[in-house]
Amino acid sequence: MQRRRFMQTALGAAAVAALPTSAALAQAVQTLSRVDGAVEAIGLDGRKLTLEHAALEELRDSLQGRLLLPGHEGYDAARRVVNAGIDKYPALVVQPTGASDVMRAVEFARQRDLLLAVKCGGHSYGGKSTCDGGLQIDLSTLRGTHVDARTRRAHVAGGSLLASLDHEAMAQGLVTTAGTVSHTGVGGLTLGGGFGRLARRFGLALDNVTAVDIVTADGKLVHANAEEHPDLYWGVRGGGGNFGVVTRFEFQLHPMKRTVVGGDLLFPLSQLRDIARFYADYSRQAPDELYLDMMANSPIGKPDGIVGMHVCYSGPEEKAEAVLAPLYKAGKPIRDGIERRDYVAIQQIHDNSDPRNHAQYLKSGFINELPDALVDLIADNFDGFVERGTMLAFQHAGGAISRVPADATAFAQRKAIANMLFFVRWPLAESPEQHVAYIREEWKPFERFTDGWYANEVTNESARVVGGNYQGNYERLVQVKNRYDPGNLFRLNANVQPTA
């Protein structure tokens, strides 16, 4: 290693110019990833650590991917997440190109008890995919999807975005449940659940996982499926990132026609009570092929707002009119965006809905029913403001999701009919305190209607609250955690705390 480092530093600019292109590129990457000295970091227990210069250089030299430190090109893009209100600074970032790089990064963190975050698409509302002072593994350089049409399987690299899975699978007339925003990371979505426009028809994304390759806390690469490491296979499907870094997913695919019927049907906010009452009734009786969300939205500076329903019907086209006709009787629409669409296109229809120039915070919970009392609470309490944006939304569940036993995977909330979400957004320049306090207070009367919450939306809940959210599956998750991560290296998630 000393000789290798000497050779890297001894080559001058003239020598670089004479090198073949690939070698010159490799040396350029090394130059961009130079280590100028020791780095201060944070340990798992919060104590300050010093990462020595030689150790950082050894880590860099062992990677095919990049090691980024503050000040390096690409560092700021890597540390950022979608929620612009999260602004954290890792001590170092590893961008792996394969499983071996992930193994090396995990080993480096474990040996030093270094705080560790894992980023795929960066959609964690609580900012769990980045950290202050720790090591962030940024999987944006570990992407790719291969579809085997014969076996109806998709093999997806751990850092891939949903758009890749949709694009490659649908090109061969195949699909699987893959969220509602195409730039979401496959890993974050799938490990915690994986709702989407096809979930009522084909189950959650995690219900379609047939195998994973995962780097566990000991730095080893493990293949887990129903026969090999079945306890780990059970745990990753709903246990989030508690057990390691998934470097490859294998998904079951399903035949489906490319054309669906969907879009947004919008009404004035004054019709909120009528639309909510209709949604309470119709969402329960809808066929599995119909995905139907409802939302009330008042953007910053527009207190009038709108109420709407988002539709994706993937069943026989000749039945679409009859299935969707009741929606038009719910109120008087001001805009009708429902039409025949390419499935891959409708998967991207809300890609720009994430407020990149605003900070945001949410409260959420699963509901098993939508009674009149909740409808009235929504109609009487949803408000629009000039100074902040508010949105109350329901993500449709039920159907195939509910027909999987609650203990078949680690995901427990199988009886939910929807995920109820309450968002607040505000300008980045403003302090978050008043806006977060507002939504927490507004959420209190809604919470009594909920039965657990989506683990992918974890923020800073207590260990007791997190444990209770896994419901009857928690003790089994602890056993899996004890076996594969007894030191709780992977803790920036809806954390299952080991007893070992």
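Each residue takes its place number in the sequence, starting with 1. What you see is a predicted model; the values in this text were computed from it and never measured.
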Side-chain donor or acceptor of [X] paired with backbone N/O of [Y] under 3.5 Å:
{"X": "D132", "Y": "Y89", "result": "yes"}
{"X": "Y313", "Y": "L292", "result": "no"}
{"X": "K302", "Y": "G389", "result": "no"}
{"X": "R341", "Y": "G262", "result": "yes"}
{"X": "E461", "Y": "T459", "result": "yes"}
{"X": "E339", "Y": "G263", "result": "no"}
{"X": "R200", "Y": "A286", "result": "yes"}
{"X": "D485", "Y": "F490", "result": "yes"}
{"X": "D293", "Y": "H396", "result": "yes"}
{"X": "T177", "Y": "G203", "result": "yes"}

Next item on the list: Take R201 and S314 through the test side-chain hydrogen bond (donor to acceptor under 3.5 Å, both in side chains) and record every step on the way to the result.
Entry: CA-CA 9 Å; R201 183 174 176 182; S314 61; 3.1 Å; yes
May I ask you to say whether [X] pairs ionically with [Y], meaning some side-chain N is under 4.0 Å from a carboxylate O?
{"X": "D166", "Y": "R197", "value": "no"}
{"X": "K329", "Y": "D274", "value": "no"}
{"X": "D407", "Y": "R476", "value": "no"}
{"X": "R273", "Y": "D380", "value": "yes"}
{"X": "R79", "Y": "D76", "value": "yes"}
{"X": "R388", "Y": "E430", "value": "no"}

Counting neighbours of [atom1] on [X] that are heavy atoms of other residues, nucleotides or ligands and sit closer than 6.0 Å, is the number greater than 12?
{"X": "E318", "atom1": "CD", "result": "yes"}
{"X": "R340", "atom1": "CZ", "result": "no"}
{"X": "R152", "atom1": "CZ", "result": "no"}
{"X": "R258", "atom1": "CZ", "result": "yes"}
{"X": "H254", "atom1": "NE2", "result": "yes"}

To check you understand the geometry: which heavy-atom pair defines the closest contact between [X] and [Y], and what is its length?
{"X": "L265", "Y": "P333", "answer": "CD1-CB, 3.9 Å"}
{"X": "P303", "Y": "L269", "answer": "O-CD2, 4.2 Å"}
{"X": "S129", "Y": "V118", "answer": "CB-O, 3.3 Å"}
{"X": "G185", "Y": "C120", "answer": "CA-SG, 3.5 Å"}
{"X": "V496", "Y": "N488", "answer": "O-OD1, 4.0 Å"}
{"X": "A84", "Y": "R80", "answer": "O-NH1, 4.3 Å"}

Can you find a heavy atom in the side chain of [X] that is under 4.5 Å from one in the side chain of [Y]?
{"X": "E168", "Y": "L174", "result": "no"}
{"X": "F446", "Y": "L374", "result": "yes"}
{"X": "F382", "Y": "V307", "result": "no"}
{"X": "H167", "Y": "T145", "result": "no"}
{"X": "V261", "Y": "V323", "result": "no"}
{"X": "Y484", "Y": "I214", "result": "no"}

Notebook entry, point to check: Going through the checks in order, is the side chain to side chain contact (heavy atoms under 4.5 Å, CB included) test met by M294 and L370?
Noted result: CA-CA 12 Å; M294 191 201 89; L370 211 171; over 6 Å; no
Going from [atom1] on [X] to [atom2] on [Y], what distance comes out if it is rounded to the nearest 0.5 angstrom?
{"X": "L421", "Y": "E457", "atom1": "CG", "atom2": "CD", "value": "5.0 Å"}
{"X": "H358", "Y": "F423", "atom1": "NE2", "atom2": "CZ", "value": "15.0 Å"}
{"X": "N419", "Y": "N456", "atom1": "CG", "atom2": "CG", "value": "10.0 Å"}
{"X": "W453", "Y": "L362", "atom1": "CH2", "atom2": "CG", "value": "11.0 Å"}
{"X": "L272", "Y": "I275", "atom1": "CG", "atom2": "CD1", "value": "8.5 Å"}
{"X": "N208", "Y": "R237", "atom1": "CG", "atom2": "CZ", "value": "10.5 Å"}

Next item on the list: Begin with the C-alpha distance, continue with both residues' side-chain angles, and end with the deciding distance and a verdict on side chain to side chain contact (heavy atoms under 4.5 Å, CB included) for M391 and R425.
Entry: CA-CA 9 Å; M391 184 169 73; R425 292 165 178 163; 3.9 Å; yes
Kindly assign one of parallel, tilted or perpendicular to the pair [X] and [Y], based on the angle between their ring planes and the thresholds 30° and 60°.
{"X": "H435", "Y": "W426", "result": "parallel"}
{"X": "Y454", "Y": "F195", "result": "perpendicular"}
{"X": "F394", "Y": "Y279", "result": "tilted"}

Margin query: Test side chain to side chain contact (heavy atoms under 4.5 Å, CB included) on H310 and Y291; report intermediate values, then the result.
Written below: CA-CA 8 Å; H310 175 72; Y291 173 81; 4.1 Å; yes
Out of the candidates [options], only one should pair with [X] under the side chain to side chain contact (heavy atoms under 4.5 Å, CB included) rule; please name it.
{"X": "Q360", "options": "I439, I86, N83", "answer": "N83"}
{"X": "N368", "options": "I417, T450, D451", "answer": "D451"}
{"X": "V478", "options": "N242, N473, T499", "answer": "T499"}

Notebook entry, point to check: Judged by modelled atom types alone, do Y343 and Q347 share a side-chain donor-acceptor pair under 3.5 Å?
Noted result: yes
Check: Are a donor atom and an acceptor atom from the side chains of T210 and Q252 found within less than 3.5 Å of each other?
Finding: no
Next item on the list: Decide whether a cation-pi geometry holds between R414 and F411; the criteria are a distance under 6.0 Å from NZ or CZ to the six-membered ring centre and an angle within 45° of the ring axis.
Entry: no
Next item on the list: Please test V81 against K88 for side chain to side chain contact (heavy atoms under 4.5 Å, CB included), starting from the C-alpha separation and ending with a verdict.
Entry: CA-CA 9 Å; V81 293; K88 296 184 178 182; over 6 Å; no
Next item on the list: Apply ring-ring contact (aromatic ring centres under 6.0 Å, His included) to H183 and H123, showing your working.
Entry: CA-CA 9 Å; H183 50 72; H123 280 250; 4.9 Å; yes
Next item on the list: Starting from the C-alpha separation in whole Å, work towards a yes-or-no answer on salt bridge (charged side-chain N to carboxylate O under 4.0 Å, His left out) for E317 and K257.
Entry: CA-CA 10 Å; E317 190 172 345; K257 290 184 178 180; over 6 Å; no
